[in-house]
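Predicted model only: the values in this text are computed from it and were never measured.
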Amino acid sequence: MTDLIPDLKTPTAPAGTGRVRAGMAVSRVDGRAKVTGSAQYAAEFSAPDLAYGVVVSGTVAKGRIKRIDTAAAEAVPGVIAVITHENRPKMRSNDLAYKDMTAPAGSPFRPLFSDEIFWSGQPVALVVGETFEAARHAAALVDITYDVAEHDTNLLKSLDKAYKPRPLKAGFTPPSSKGKADDVFASAPVTIESEYYNNVEHHNPMEMFASTVLVGENGHLTVYDKTQSSQNSRWYVSHVFGLSKDKVTVRNPYVGGAFGSGLRPQYQLPLAVMAALKLKRSVKVMLTRQQMFSFGHRPETWHKVKLAASQDGKLQAIWHEALQETSRLEDYVEVVVNWSGQMYACENIHLGYKLIAQDRATPIDMRAPGAVHGVHAMEVAMDELAYKLKMDPLELRLKNYAEHNHLEDKPFSSKELRQCYQQGAERFGWKDRPIEPRSMRDGDELVGWGMATGIWDSLVMVARVSAVLHADGRLVVSSAATDIGTGTYTVMAMIAAEQLGLPMEQVTFQLGDSTLPLAPIEGGSSHVTTVGGGVHGACDKLKSTLLKMAQSQAGDIFKGKKINQVEFNDGRLHLRGLPEQGVALTDLLARAGKERVEEKFLMTPQMLKQRKYARSVHQAIFVEVRVNELLGMVRVTRAVSAVAAGRIISAKTAASQVSGAVVWGISEALHEETFTDHRLGRFMNHNYAEYHVAANADIHDIQVIFVEEEDRIVSKQLGAKGVGEIGIVGVSAAVANAIFHATGKRLRTTPITPDKILMGDHEVPVDGPDR
């Protein structure tokens, strides 16, 4: 393994960044590369013989290709080939070859494998040209005739077709129950029962999916791919096409957002590879914005929640069932309901979860999968219960505060949610909130305050990390991690710099290459605890090696000293508290005649210890809305998010993650929704003009509080927990609850659009929306 991978512009901190400590607000080390344009993304790499591929998308939801006429397309000047299921290169036929590291149970989709159509927008051909313009023009000339079959894309009209998912998805934990929730609910003094509905959302990262396949000597493929794991994409390509792993290298040095859409290899990757293999030349394939709506999405979900309580607000029963869409091919599982059994103290809990197969692409993880919808339903239900009890919503949550996980009967590894409630409420001014709806007004707008709890899992996976100290004092740390904009480059460099006592500008963290040491897929908010723990461990080993070198070189200064009796500061090793009694690290290597010293570390979870605990991050979110009932317009004017996520390593990037997640939560609550024309089985608003996301005018004051917490059960090395996903989990529920406080209208479907405000439509359309 080389220290600096060819062709990758690995970012380092600018000179003057200086000494860092965990918790400091350090600017991103990759920031300059991104704002100056020197950062290269998957579609920006090139080669002298580069050809361009354009995907032809199918137009029916279900059926078979009866005839595909490519003659007109092939006649376009500059067109090299039109690849279809009839002339594609050899691909493996067994399901196992197509199962990437995150594949759910079932049979993964195989692009251009056969004439069968599984969903509208499915890729049906690839036109390859000498220029992009030629390929794009020719793609419009491919003429396809279909044998069309009857399709079903209407979840709400198919609720009676729900089934239990196949238990083969890695990490899938079926919902469990305890006590006698049904019996208790039937006799409880105070109950609420409601249905909730969440429509489809689509990932819309700025960088569209692209793969550039460069064909090198001896047929070696170097693939620049938009992915959340270079090693997952490399695994997929080598298995699908029967290539040895040393014949494929995948790189993803920069990723322009993903939010879960890059966890699995998307179809442009195998299409680009098959074109490169067929033509024996380099090929680039980039999807259009419209084609970004033709694969995984956050699935449509229907819920029923029932809560029972005593007159003083003590929960007696929690009942939550969810039905969710999946494809005909795979059982995509989000669980959805499990968090409802973890959030509050209750001895009678019933949870249920089923799937409904539809003629759509398999859904895929989208930031905080399952929890975003499941916690929304639970937290709106808690708000409903609070109003029925005539209790303050925060008081109800504190009344039912769970000191341990009641569903699993386990203590939490750490839990400072009570402090989140306290500090968030104080910053927001919650004590001044009148309990009655429609009691606050400012001009033409009703004002409402709402809150919710958020919870997300704390994950640690397996990773390998290499740390190399060079003779000139540079420290290069490496792992095949990914930075999708979350700050991985920066956080890992901070951990390494703090460990070795080096200024940030002397530390480089390498990621984004499948040949680097093993790293997990970037997902589940696990990179800091996993890869960061590995960086900490590798640097620890390097420190021990350097101390041994010093003990053999520096006379009696370090003789018999242990690692806790020395310090690493400013590029020197010295006795603790005695900076003058030490030696420069560069001198240690020079005296030993070494150009470099390397140590490696295998990061593994403390599984035997962790299994005894429930491991979660927590959030309390408070929002203010202003509602103009005449126009149906809702503005979120203030939000305070208080988060307990263990020890915060990088204050600036962590706050950026949470504030960005709050923005997305507001967008989910008020804007984001992909409409389906069920007659065609096709998404209608597959563009930025009609798929609404929160814009600058929609976002106002967002404040982020990190409550002090440390968790050595989750992360022995760092005491950290993930922060990426927790920020979104409770936001949409808090917005919905604030709208009720402002208007007195209980809206149980998302997004809450102006028509719902105007009509006061607070019932779920069980017969399906007419779309």
Side-chain angles (χ1 to χ4, degrees), residues 156 194-202 204 293 297-298 300-303 372-373 376-377 379-380 383-384 437-452 621 623-639 662-678 683-702 728 730-771:
L156 293 177
S194 297
E195 295 177 2
Y196 303 88
Y197 171 75
N198 315 103
N199 207 350
V200 171
E201 291 178 64
H202 269 88
N204 270 287
F293 288 79
H297 51 271
R298 196 192 298 279
E300 190 176 0
T301 308
W302 175 92
H303 319 247
V372 163
H373 284 166
H376 175 94
E379 285 300 280
V380 175
D383 201 67
E384 294 193 47
R438 304 183 69 87
S439 56
M440 295 194 295
R441 181 181 288 273
D442 184 2
D444 294 332
E445 295 178 308
L446 293 166
V447 180
W449 290 0
M451 60 86 57
I621 174 77
V623 302
E624 176 184 86
V625 302
R626 293 171 184 251
V627 183
N628 186 316
E629 282 191 299
L630 294 177
L631 300 175
M633 301 300 293
V634 178
R635 298 189 301 134
V636 178
T637 48
R638 286 195 300 137
V662 171
V663 170
W664 194 349
I666 294 169
S667 193
E668 179 210 357
L670 301 178
H671 305 287
E672 293 198 45
E673 180 176 26
T674 316
F675 297 97
T676 301
D677 185 331
H678 294 300
F683 292 122
M684 301 191 308
N685 55 326
H686 47 88
N687 53 65
Y688 263 166
E690 296 170 310
Y691 182 89
H692 292 170
V693 297
N696 287 354
D698 299 304
I699 303 303
H700 299 274
D701 180 35
I702 297 175
I728 191 177
V731 178
S732 63
V735 173
N737 294 339
I739 290 172
F740 175 80
H741 185 238
T743 66
K745 298 176 181 178
R746 181 66 69 185
L747 303 172
R748 301 186 181 93
T749 68
T750 59
I752 301 173
T753 45
D755 57 313
K756 296 174 185 176
I757 296 290
L758 292 171
M759 295 185 298
D761 178 18
H762 49 91
E763 297 300 327
V764 175
V766 293
D767 60 342
D770 185 19
R771 293 165 181 162

### Message
Using only atom types and a distance under 3.5 Å, with no angle test, would you say the side chain of Ser667 pairs donor to acceptor with the backbone of Ala694?
### Response
yes

### Query
Between CD1 of Ile757 and CD1 of Ile752, what distance do you get to the nearest 0.5 Å?
6.5 Å

### Task
Could you tell me whether the side chains of Asn628 and Glu445 share a donor-acceptor contact shorter than 3.5 Å?
no

### Query
Can you tell if the side chain of Asp444 reaches within under 4.5 Å of the side chain of Leu630, non-hydrogen atoms only?
no

#### Entry: Residues Thr674 and Glu201: side-chain donor-acceptor under 3.5 angstrom
no

### Task
Sequence neighbours left out, what passes salt bridge (charged side-chain N to carboxylate O under 4.0 Å, His left out) with Arg438? Give chain and number order.
Glu629

### Message
Is the shortest side-chain heavy-atom distance between His671 and Val693 below 4.5 Å?
### Response
no

### Message
The criterion is side-chain hydrogen bond (donor to acceptor under 3.5 Å, both in side chains); which residues satisfy it with Ser439, sequence neighbours excluded?
### Response
none

### Query
Any sub-3.5 Å donor-acceptor pair from Asn685's side-chain atoms to Glu673's backbone N or O?
yes

### 4.5 Å side-chain heavy-atom contact, Tyr197 and Glu300
yes

### Task
For Met633, look at atom CE and say whether over 12 heavy atoms of other residues, nucleotides or ligands are found less than 6.0 Å away.
no

### Query
Hey, do the aromatic rings of Phe683 and His297 have their centres closer than 6.0 Å?
yes

### Query
Less than 4.5 Å apart, any side-chain heavy atom of Val636 and any of Asp698?
no

### Query
Is the distance between the ring centroids of Tyr691 and Phe293 less than 6.0 Å?
yes

### Leu747 backbone acceptor or donor facing Lys756 side chain under 3.5 Å
no

### Donor-acceptor under 3.5 Å (Thr743 side chain, Ile739 main chain)
yes

### Message
Just to verify, what does Asn687 make a side-chain hydrogen bond (donor to acceptor under 3.5 Å, both in side chains) with, not counting sequence neighbours?
### Response
Glu690

## Note on the structure
Residues at least two apart in sequence or cross-chain that pass side-chain hydrogen bond (donor to acceptor under 3.5 Å, both in side chains) with Thr301, listed by chain then number, are Gln324, His373

### Heavy-atom side-chain contact between Asn199 and Thr749 under 4.5 Å
no

### Partners meeting side chain to side chain contact (heavy atoms under 4.5 Å, CB included) with Thr750 (sequence neighbours left out)
Asn198, His376

### Query
Between the main-chain N or O of Trp449 and the side-chain N or O of His741, is there a donor-acceptor pair closer than 3.5 Å?
yes

### Message
Once side-chain hydrogen bond (donor to acceptor under 3.5 Å, both in side chains) is applied, do any residues pair with Arg441, and if so which ones, sequence neighbours excluded?
### Response
none

